[in-house]
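Remarks on the structure that follows.
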Amino acid sequence: MATDSGTDSFLANRVDAAALPLAVGDLLVIVAFIYAGSLRHGTVPFPPAGVGDVLALLAVAAPFLVGWAVAAPLVGAYSAGAAESAKASVPLAVRSWVPAAVVGLALRATPFVDGGVAVTFAVVMLLVGSVSLGLWRYVAGQFL
């Protein structure tokens, strides 16, 4: 919580413990829609046959999870009030996903991460990620 003393860090003011269920759900949704894409392209089977398949999925998801870990707190996806209603929560998730996806795509464009960045992939990641997170946040706003 923010105080008038000015001693709290920027991130301490951007992350509220009440939003923890949203954070867990957000991460699961990101991995789930990346898994759906991996299934569509045949890179990971359903169900994953072993640890190698799970690691392959996490390797595809990692750049976007890093992007989310950077962008979501900065944008305020977990700030005070984010978990109070879908009206507050959904726009924060979508506004967080756009820079998170850009970071993920930038990481995939480096020689350190496999996959590359086709324009269609970038568009799909931006749209599917925004819709997936928005739907999750809407449902969470109704029940959490």
Side-chain angles (χ1 to χ4, degrees), residues 1-2 7-144:
M1 291 281 150
T7 59
D8 287 346
S9 72
F10 174 77
L11 281 180
N13 292 324
R14 303 297 284 171
V15 178
D16 184 18
L20 180 62
L22 287 179
V24 171
D26 290 345
L27 295 174
L28 292 173
V29 165
I30 292 167
V31 171
F33 79 75
I34 290 172
Y35 184 38
S38 297
L39 289 172
R40 173 113 171 95
H41 294 285
T43 57
V44 179
F46 179 80
V51 174
D53 289 338
V54 173
L55 292 176
L57 171 62
L58 292 177
V60 174
F64 299 98
L65 294 173
V66 168
W68 186 257
V70 170
L74 293 176
V75 172
Y78 307 117
S79 58
E84 290 179 9
S85 71
K87 186 177 181 180
S89 185
V90 170
L92 285 170
V94 173
R95 286 194 311 250
S96 297
W97 178 247
V98 172
V102 169
V103 169
L105 291 165
L107 290 171
R108 280 180 59 103
T110 68
F112 306 108
V113 179
D114 289 334
V117 181
V119 172
T120 53
F121 177 74
V123 170
V124 168
M125 286 304 289
L126 285 164
L127 293 176
V128 173
S130 294
V131 170
S132 298
L133 286 162
L135 284 172
W136 146 246
R137 288 287 188 103
Y138 177 78
V139 170
Q142 306 302 310
F143 297 104
L144 294 180

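The figures that follow rest on heavy atoms only: side chains count, while hydrogens, waters and symmetry mates do not.
Remark: the backbone N or O of Ser38 is paired with a side-chain donor or acceptor of Thr43 at under 3.5 angstrom. Under the 3.5 Å distance criterion, the side-chain polar atoms of Thr110 are matched with a main-chain donor or acceptor of Leu107.
With respect to the salt-bridge test (charged N to carboxylate O, under 4.0 angstrom), the residues Arg108 and Asp114 do not qualify.
Nearest heavy atoms, Pro91 versus Ala88: CD-O, 3.6 Å. For Gln142 against Ala86, the heavy-atom pair with the smallest separation is NE2-CB, 4.0 Å. A pairwise comparison of heavy atoms in Val31 and Leu57 identifies CG1-CD2, 4.0 Å as the closest pair. Minimum interatomic distance between Pro99 and Val75 (heavy atoms only, all atoms of both residues): CG-CG2, 4.2 Å. Considering all non-hydrogen atoms of both residues, Val103 and Gly67 come closest at CG1-CA, 3.6 Å. Residues Leu22 and Ala82 share a closest heavy-atom pair of CD1-O, 3.7 Å.
For residues 95-137, the pairs satisfying ring pair (Phe, Tyr, Trp, His ring centres under 6.0 Å) are Phe33-Trp97, with sequence neighbours left out. Among pairs with a residue in residues 53-96, none fulfils ring pair (Phe, Tyr, Trp, His ring centres under 6.0 Å), at least two apart in sequence or across chains.
Between Leu133 and Val94, the closest side-chain pair of non-hydrogen atoms is not below 4.5 Å. Between Pro45 and Asp53 the shortest side-chain heavy-atom distance falls below 4.5 Å. With a 4.5 Å cut-off on side-chain heavy atoms, Asp16 and Ser79 do not count as touching.
Note: Ser89 OG to Asp26 CG = 7.0 Å, rounded to the nearest 0.5 Å. With rounding to the nearest 0.5 angstrom, the CG atom of Leu105 is 6.5 Å from the CE atom of Met125. Taken to the nearest 0.5 Å, the CZ atom of Arg137 stands 6.5 Å off from the CG atom of Leu92.
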